[in-house]
Trainee: 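Here it is: the structure, laid out below.
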Amino acid sequence: MRKMKMVFRQFLLKLLKVTREKKTESPKKGKESKPILFRELNVPAWVVGLVIFVLVIWILWGQFGPGWQGISGLILFVSIAIYIYAFYLRRYKSSILASNELAMLLGLIITVMVLIMVGIKLLAQSYSISMNYLVPVASGVMLITMLISIPLALISLLLLSVLLTVVNDFNFNFFLVAVMGGLAGIYSTYSVRNRRDITRAGLFVSGANIFAILMIYLIKGDSFIFMWKDMMWGLGSGFLSVVLTIGILPYLEDVFSIVTNIKLLELADFNQPLLKRLMLESPGTYHHSLIVGNLAETAAELINADSLMVRVGAYYHDIGKLNKPEYFTENQSNLANKHEELTPNMSSLIVVSHVKDGVILGKKHNLNKRIIDIIEEHHGTGLIHYFYMKALEKDKSSSVEEMKYRYPGPKPTTREAAIVMLADSVEAAARTLEEPSFERISNMVNTIINNKFTDGQLNDCNITLVNLHKIAESFINTLTG
């Protein structure tokens with residue numbers, strides 16, 4: 001079994017042809033450019049679509065016979081179905097077509113589901129039994145729901161249900177059962193938090209299948225003798241959907257570098273190596289990260305951002321401090337301040353390095369790209385104000401370059417990264433407040449958010465003034481509470 005898993009993983013990795021490149025931002029307003037590492041598939045989306053078309057035609061060929069009429073009808077039908085699907089993607093989900101990895105993932109799921117449909121049909125014909133209700137269409141749409149999005153899962157459900165109807169000689173019964181079971185799967189997995197929830201989703205799918213089969217038999221008035229057999233296959237479809245989803249999901253998460261709620265909760269486990277190191281080697285930073293996580297998660301919920309991603313990103317945002325924990329105030333406690341022995345320029349270099357070190361550690365431990373982005377962006381191009389002012393005090397000639405005391409960036413590109421940035425700054429400032437009161441906390445929070453806004457740190461993320469107002473209220477309420 002272990003060898004099979006390794007072979008499957010190597011096959012997918014070769015199929016994806018992952019490349020690592022350095023992409024440099026164009027410098028703006030004198031800011032230093034920052035190389036960004038990213039993963040990219042060299043397979044255009046249109047090629048993926050063409051491969052899906054050819055594979056589906058080849059898979060369904062045997063269902064229509066070798067005659068030119070059957071083949072022509074099959075090509076026309078599949079062409080129309082895939083065209084409608086592609087039109088929806090281009091019109092409403094252009095980000096899928098823009099991402100070669102997501103297009104590849106979608107094509108892989110659809111192709112595998114069609115193979116399963118035909119495989120079960122051939123198996124049923126071999127043993128002369130009716131087991132086509134066993135097809136786990138729900139598994140495909142559950143994977144799409146968790147890995148990509150609910151709207152895409154809904155349109156994919158329609159496509160897969162139509163293809164299942166074609167495989168079964170245009171029998172509408174299969175379309176109805178597949179749609180109802182798939183809807184139950186989507187409904188029960190859109191907010192799944194752990195792998196046990198997928199098992200519960202399988203029960204929903206089985207129940208929906210049984211209900212749909214019962215409804216069909218009641219409407220048609222057929223004999224209940226065959227109904228019980230079909231119900232058993234419908235029940236089995238739910239359990240087969242669970243087995244396939246739980247078995248395939250971890251590999252798809254890993255190979256396609258997609259993070260689900262399940263993966264995020266696993267990363268939030270404090271037994272994870274990086275968090276355990278943070279707890280033991282840098283307890284001040286660990287405690288700081290926990291508070292930032294609480295602040296950020298509450299704020300994210302108010303503006304409908306990904307609160308779980310924000311919390312996990314906050315836990316890992318300062319892992320780069322593990323290299324030199326004694327140089328950061330939260331870890332110094334009763335120890336002497338190491339920066340007293342250094343020049344302001346050297347101190348700023350050490351402080352800035354924790355971002356780069358965090359990115360390196362994150363990649364070494366295979367953290368998801370979205371979490372690594374939060375690590376890289378949580379300071380943006382902000383000014384290290386303390387050391388900059390200290391340098392100005394020492395050099396009265398005003399020859400101090402401000403750029404040397406700024407983080408290299410990039411600025412936050414998502415609302416989640418922006419929330420972590422704001423929560424990080426607010427928590428650090430809150431620790432320095434003497435005799436904190438509601439008014440002082442309120443002034444401090446609003447000042448920090450206004451400074452980040454006027455400094456242009458929030459220019460590259462989709463966050464509004466209304467969002468910032470809600471975030472500020474959330475921070476104030478959490479800190480005063």
Trainee: First locate atom NZ of Lys369, then atom NZ of Lys363, and finally report the distance between them rounded to the nearest 0.5 Å.
Mentor: 8.5 Å
Trainee: Would one find more than 12 heavy atoms of other residues, nucleotides or ligands at under 6.0 Å from atom CG of Asn462?
Mentor: no
Trainee: Crowded around Met227 CE? As in, over 12 foreign heavy atoms under 6.0 Å?
Mentor: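 Counting neighbours around CE of Met227, more than 12 heavy atoms of other residues, nucleotides or ligands fall under 6.0 Å, so yes.
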Trainee: Restricting to non-hydrogen atoms, name the atom on Val355 and the atom on Glu376 that form the minimum distance, rounded to 0.1 Å.
Mentor: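 Here Val355 and Glu376 meet closest at CG1-O, 3.7 Å.
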Trainee: Mark yes or no for whether Thr478, through its side chain, and Phe475, through its backbone, hold a donor-acceptor pair below 3.5 Å.
Mentor: no
Trainee: Mark yes or no for whether His288, through its side chain, and Thr285, through its backbone, hold a donor-acceptor pair below 3.5 Å.
Mentor: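 Flag not set: sc His288 to bb Thr285 has no pair under 3.5 Å.
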Trainee: When you compare the side chains of Asn323 and Ser353, does any donor N or O come within less than 3.5 Å of an acceptor on the partner?
Mentor: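 Per modelled atom types, Asn323 and Ser353 side chains form no pair under 3.5 Å.
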Trainee: With rounding to the nearest 0.5 angstrom, report the CG to CH2 distance, Leu240 to Trp233.
Mentor: 10.5 Å
Trainee: Given 3.5 Å as the limit, does a donor-acceptor pair link the side chain of Arg311 with the main chain of Leu264, or not?
Mentor: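 Here the side-chain-to-backbone pair does not exist.
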Trainee: Yes or no on side-chain contact (heavy atoms from CB on, under 4.5 Å) for Leu468 and Leu465, after CA distance, side-chain angles and deciding distance?
Mentor: CA-CA 5 Å; Leu468 292 178; Leu465 291 175; 4.3 Å; yes
Trainee: Might you confirm whether atom OH of Tyr217 has over 12 heavy atoms from other residues, nucleotides or ligands at distances under 6.0 Å?
Mentor: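 Atom OH in Tyr217 is crowded, with more than 12 foreign heavy atoms closer than 6.0 Å.
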Trainee: Provide the closest heavy-atom pair for Gly238 versus Asn209 in the form atom of the first, atom of the second, distance.
Mentor: N-ND2, 4.2 Å
Trainee: Taking all non-hydrogen atoms of both residues, which atom of Asn168 and which atom of Leu164 are closest, and how far apart?
Mentor: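 Looking at all heavy atoms of both residues, the shortest contact is ND2-O, 2.8 Å.
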Trainee: Indicate yes or no for a side-chain donor-acceptor contact from Ser156 to the backbone of Leu152 under 3.5 Å, with no hydrogens or angles considered.
Mentor: yes
Trainee: Rounded to the nearest 0.5 Å, what separation is found between the CD1 atom of Ile109 and the CE atom of Met142?
Mentor: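 Nearest 0.5 Å value for the CD1-CE distance: 12.0 Å.
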Trainee: Say whether, by atom type as modelled, one donor and one acceptor occur between the side chain of Glu416 and the main chain of Val310 under 3.5 angstrom.
Mentor: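 Side chain of Glu416 to backbone of Val310: no pair is present.
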Trainee: Give the minimum heavy-atom separation between Lys452 and Ser425, together with the two atoms involved.
Mentor: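 The answer is CE-OG, 3.3 Å.
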Trainee: I'd like to know whether OH of Tyr88 has more than 12 heavy-atom contacts from other residues, nucleotides or ligands below 6.0 angstrom.
Mentor: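 Check passes, neighbour count above 12.
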Trainee: Would you say OH of Tyr327 has more than 12 non-hydrogen atoms from neighbouring residues, nucleotides or ligands within 6.0 angstrom?
Mentor: yes
Trainee: Measuring from atom OG1 of Thr165 to atom CG of Leu176, what distance do you get when rounded to the nearest 0.5 angstrom?
Mentor: 9.5 Å
Trainee: Judged by atom type as modelled, is there a donor-acceptor pair below 3.5 Å linking the side chain of Thr189 to the main-chain atoms of Val192?
Mentor: no
Trainee: To check you understand the geometry: which heavy-atom pair defines the closest contact between Ala208 and Gly181, and what is its length?
Mentor: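 Taking Ala208 first and Gly181 second, the nearest heavy atoms are CB-CA, 4.0 Å.
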Trainee: Any heavy-atom pair between the side chains of Thr413 and Glu377 that's under 4.5 Å?
Mentor: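 Contact flag for Glu377/Thr413 side chains = yes.
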Trainee: Test Tyr316 against Leu275 for side-chain contact (heavy atoms from CB on, under 4.5 Å), laying out the working first.
Mentor: CA-CA 7 Å; Tyr316 287 89; Leu275 294 184; 3.8 Å; yes
Trainee: Is there a side-chain contact between Val114 and Val167 in this structure, where contact means two heavy atoms from C-beta onward sitting under 4.5 Å apart?
Mentor: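 They are not in contact (no side-chain heavy atoms under 4.5 Å apart), so the answer is no.
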Trainee: Using 30° and 60° as the class boundaries, would you call the ring planes of Tyr187 and Phe204 parallel, tilted or perpendicular?
Mentor: perpendicular
Trainee: Assess the side chains of Ser139 and Thr245: does a donor N or O sit below 3.5 Å from an acceptor N or O?
Mentor: yes
Trainee: Would one find more than 12 heavy atoms of other residues, nucleotides or ligands at under 6.0 Å from atom CZ of Arg196?
Mentor: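 No, the 6.0 Å shell around CZ holds no more than 12 heavy atoms from other groups.
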Trainee: Is there a side-chain contact (heavy atoms from CB on, under 4.5 Å) between Asp318 and Ile375 once you walk through the steps?
Mentor: CA-CA 7 Å; Asp318 270 345; Ile375 295 171; over 6 Å; no
Trainee: Answer yes or no: are there more than 12 heavy-atom neighbours, outside His365 itself, under 6.0 Å from its atom NE2?
Mentor: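 Counting neighbours around NE2 of His365, more than 12 heavy atoms of other residues, nucleotides or ligands fall under 6.0 Å, so yes.
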Trainee: Below 4.5 Å, heavy atoms only, C-beta onward: do Thr414 and Ile419 meet side chain to side chain?
Mentor: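 Answer no - side chains too far apart.
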Trainee: For this output row, return yes or no: ring centroids of His378 and His354 closer than 6.0 angstrom.
Mentor: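 When the ring centroids of His378 and His354 are compared, they turn out to be within the sub-6.0 Å range.
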Trainee: Is the side chain of Asn477 donor-acceptor paired with the backbone N or O of Glu473 at a distance under 3.5 Å, no angle test?
Mentor: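 Yes, the answer is positive, given that a donor and an acceptor are paired below the 3.5 Å cut-off.
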Trainee: State the OG-CG distance between Ser307 and Asn261, to the nearest 0.5 angstrom.
Mentor: 8.5 Å
Trainee: Could you check whether Glu330 pairs with Lys321 (Lys NZ or Arg NE/NH1/NH2 to Asp/Glu carboxylate O, under 4.0 Å)?
Mentor: yes
Trainee: Donor-acceptor check, side chain of Asn451 to backbone of Ile448, threshold 3.5 angstrom: yes or no?
Mentor: no
Trainee: Is Tyr315 close to Leu290 at the side-chain level, that is, under 4.5 Å between some pair of heavy atoms?
Mentor: yes
Trainee: Measure across Asn331 and Gly284 and return the closest heavy-atom pair with its distance rounded to 0.1 Å.
Mentor: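 Between these two residues, the closest heavy atoms are OD1-N, 3.0 Å.
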Trainee: Assess whether atom OH of Tyr92 is packed by more than 12 heavy atoms of other residues, nucleotides or ligands within 6.0 Å.
Mentor: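 For Tyr92, atom OH is not crowded (no more than 12 foreign heavy atoms under 6.0 Å).
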Trainee: Do the charged groups of Lys364 and Asp357 touch, with an N to O distance under 4.0 Å?
Mentor: no
Trainee: Would you say the ring centroid of Phe175 lies under 6.0 angstrom from that of Phe170?
Mentor: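 Centroid separation for Phe175 and Phe170: 6.0 Å or greater.
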Trainee: After noting the C-alpha distance and the side-chain angles of Leu158 and Tyr85, does the key distance pass the side-chain contact (heavy atoms from CB on, under 4.5 Å) rule?
Mentor: CA-CA 9 Å; Leu158 290 177; Tyr85 192 69; over 6 Å; no
Trainee: Working to the nearest 0.5 angstrom, can you tell me the gap between Leu154 CG and Leu159 CG?
Mentor: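 If we round to the nearest 0.5 Å, Leu154:CG and Leu159:CG are 13.0 Å apart.
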